[in-house]
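Structure record follows, encoded as C-alpha cells.
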Amino acid sequence: MGEIFKNIPVIPYEGPASKNPLAFKYYDADRVIMGKKMSEHLPFAMAWWHNLGATGVDMFGQGTADKSFGATPGTMEHAKAKVDAGFEFMKKVGIKYFCFHDVDLVPEGKDNAETAARLDEITDYILEKMKGTDIKCLWGTANMFGNPRFMNGAGSSNCADVFCCAAAQVKKALDCTVKLGGRGYVFWGGREGYETLLNTDMAFEQENIARLMHMAVDYGRSIGYKGDFYIEPKPKEPMKHQYDFDAATAIGFLRAHGLDKDFKMNIEANHATLAGHTFQHDLCVSRINGMLGSIDANQGDTLLGWDTDEFPFNVYDATLCMYEVLKAGGLTGGFNFDSKNRRPSNTYEDMFYAFILGMDTFALGLIKAAKMIEDGRIDKFVEEKYASYKTGIGKKIVSGEATLEECAAYAQKLGNVDPGSGRQELLESIMNQILFSE
Ligand code: XLS
Ligand code: NI
Ligand code: NI
C-alpha cells in the first residue's frame with residue numbers, strides 16, 4: 001500500500017510564532033517539563049473508531065468524509081487499509097499509542113467464531129506493522145452496545161445467553177489487547193443502564209456486571225495481563241440512566257464488589273460535563289481515591305446535551321486537567337483522543353489539524369499547569385486555608401483524639417467565628433496571569 005496522506009509531512013514542532021498549519025506550536029516532544037519529557041507526560045493515543053472509522057454519519061444524513069482508504073468498506077481488505085492509514089497517520093503526527101474496540105478492527109462476522117478468526121488475522125497484520133516502530137496499544141475494549149442483542153444490556157442483560165456473548169467478546173478483546181501489548185483494558189458501559197425501573201432489577205443487573213468484570217480479571221491475569229482495567233463513567237447516552245454515572249459512583253461500585261484493586265478510572269471530559277461536573281472534578285475524585293488511570297481527551301459543548309466528542313481546544317480545562325495529572329504523579333494509561341472532526345471538516349488535512357489542535361492544547365495545559373505549581377501561590381493559599389487543623393483543637397480532630405463533647409465544650413468558649421475568605425476571584429486572576437504570560 002502506497003502513501004495515503006499524500007502532501008502531508010511528518011508534523012514538526014515550530015513554536016508559538018509559526019503560522020504553518022501543519023506544525024505544532026506548543027507540543028515539543030523532547031522539551032522537559034518538571035523533570036520529564038513532554039512525550040512522557042502526554043502519552044497520546046489515536047481512537048481507531050473516530051479517526052479511521054467515523055465518516056460524519058448522523059441521524060440526519062450520510063457521511064461527508066471518505067474513510068475507505070482505497071478499499072471497499074465492510075471487507076478485510078478495508079480493515080487492512082485502515083491499519084495502513086492508522087500507522088501512517090500516527091507516524092506523521094508523532095503519537096505512540098492507539099485504542100480500539102474489537103469491531104473497529106474488523107467487520108463483524110456471521111458469528112463469534114468468524115469475528116474471532118478475523119481478529120486473529122488483523123492483529124497479526126498490526127503486529128507486523130508495529131515492528132521497527134515504537135507504536136503500541138494504549139487500551140482495547142469490546143463493543144457490547146452496537147449489536148441488537150445488547151439492547152437490554154451486556155453484563156446487565158436479562159438474558160444469560162447475551163451475558164455469554166458479552167463474555168466471549170471480552171475474552172477475545174483481552175486476548176487482542178495482550179497480543180498488542182496494551183497498557184489497559186476499558187469497560188465503558190454502553191448499554192449497562194436502564195430506560196425505566198418498571199422493568200428493571202437494578203441490584204441484580206449491577207451484581208451481574210460485577211460478575212462479568214471478575215471473570216475478565218481472572219481470565220486476564222491467567223493469560224499474563226498485568227495492566228489496569230478501567231471503568232469509563234458516563235451518566236447517560238445511549239441509556240437514559242447509565243450505572244457508571246460518574247467517577248464517585250463507579251469507585252463506590254468497584255469497592256462494593258471487591259474490584260478496586262484491579263480497576264481504575266478512564267475519565268472522559270465530555271462524560272464528566274454530561275454528569276453535571278467539570279472535567280477537573282472527576283479527575284480530582286479519581287486522583288484522591290488513587291484511581292486516576294487514563295483519560296479520554298475530548299470536550300463537549302455546553303449548549304448541547306450529548307457527547308459531541310470535540311477535539312479539545314479549551315486551554316483552561318486542559319490546564320486544570322494537567323494540574324490534576326501532575327498532582328497524581330502521571331497516568332498509568334494515557335490521553336486517548338476520543339474525539340472526532342466536525343461533520344463539515346471532511347478532508348485528510350482536517351484529521352491532522354484536529355490532532356495538532358488537541359496535542360497543542362494539552363501541551364499548553366501541561367506548560368501552564370507546571371507554571372501554576374512552580375509559582376506556588378495557589379497551593380500556598382490552599383495549604384494556609386486549612387491551617388487551623390495544624391495546631392490546637394484542629395490537630396486533635398485530625399489525629400482522631402478529639403471527641404464530640406470536647407469539640408462542643410471548645411465551641412462554647414468561642415465568640416464570633418470567621419473562617420476566612422475563599423479568595424476565589426484572586427485565585428482566578430492568578431490563573432489568568434499565568435495563562436497569559438510567557
Ligand atoms: C462513548 C465512549 C466510548 C468509549 C469506548 O461515549 O466514550 O467511545 O470510550 O467504548
Ligand atoms: Ni470514551
Ligand atoms: Ni464518550
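Every number for a ligand or one of its atoms is a count from 1 in the order of the listing.
- Heavy atoms of H271 approach ligand 1 to within less than 4.0 angstrom.
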(Q) Show, in sequence, the C-alpha distance, side-chain angles and deciding distance for T347 and D350, and conclude whether the side-chain hydrogen bond (donor to acceptor under 3.5 Å, both in side chains) test is met. (A) CA-CA 5 Å; T347 69; D350 290 305; 2.8 Å; yes
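- Considering only heavy atoms from C-beta on, M372 comes within 4.5 Å of T319 through its side chain.
- In terms of polar-atom proximity, defined here as any N/O pair under 3.5 Å, W139 makes no such contact with ligand 1.
- Among residue pairs with one or both ends in residues 253-270, those qualifying as salt bridge (Lys or Arg N to Asp or Glu O under 4.0 Å) are R221-D262, D228-K264; sequence neighbours excluded.
- Short contacts between ligand 1 and H101, defined as distances under 4.0 Å to a heavy atom of the residue, involve ligand atoms 5 (C), 10 (O).
- When non-hydrogen atoms are compared, ligand 1 lies under 4.0 Å from neither the backbone nor the side chain of V186.
- In the model, N20 has a side-chain atom that pairs as donor or acceptor with a side-chain atom of E14 under 3.5 Å.
- Of all atoms in ligand 1, listed by their number and element, those nearer than 4.0 Å to a heavy atom of K234 are 1 (C), 6 (O).
- Not counting sequence neighbours, the partners of D30 by the salt bridge (charged side-chain N to carboxylate O under 4.0 Å, His left out) test are K37.
- Residue D307 approaches the Ni ion (ligand 3) most closely through its N/O/S atom OD2.
- Only side-chain heavy atoms of E232 come within less than 4.0 Å of ligand 1; its backbone N, CA, C and O stay farther off.
- For F253, the ring pair (Phe, Tyr, Trp, His ring centres under 6.0 Å) partners are H257, not counting sequence neighbours.
- Annotation: side chain of D244 is not in contact with side chain of K234 (no heavy-atom distance under 4.5 Å).
- Contact annotation: the side chain of K236 never approaches that of K240 to less than 4.5 Å [non-hydrogen atoms, C-beta and beyond].
- Residues P9 and L22 form a side-chain contact, since some pair of their non-hydrogen atoms from C-beta on lies under 4.5 Å apart.
- Considering F279, F335, F362 in turn, F362 is the only one that fulfils the side chain to side chain contact (heavy atoms under 4.5 Å, CB included) rule with P312.
- Where the criterion is an N or O separation shorter than 3.5 Å, residue side chain and backbone included, W188 fails it with respect to ligand 1.
- Every atom of ligand 1 with a heavy atom of D296 under 4.0 Å away is listed here by number and element: 9 (O).
- Around the Ni ion (ligand 2), the protein N, O or S atoms found under 2.8 Å comprise E232 OE2, E268 OE1, D296 OD2, D338 OD2.
- If you check which protein heavy atom lies closest to atom 8 (O) of ligand 1, you get D338 OD2, 3.0 Å.
- Counted by atom type alone, D338 and N298 present zero donor-acceptor pairs between their side chains at under 3.5 Å.
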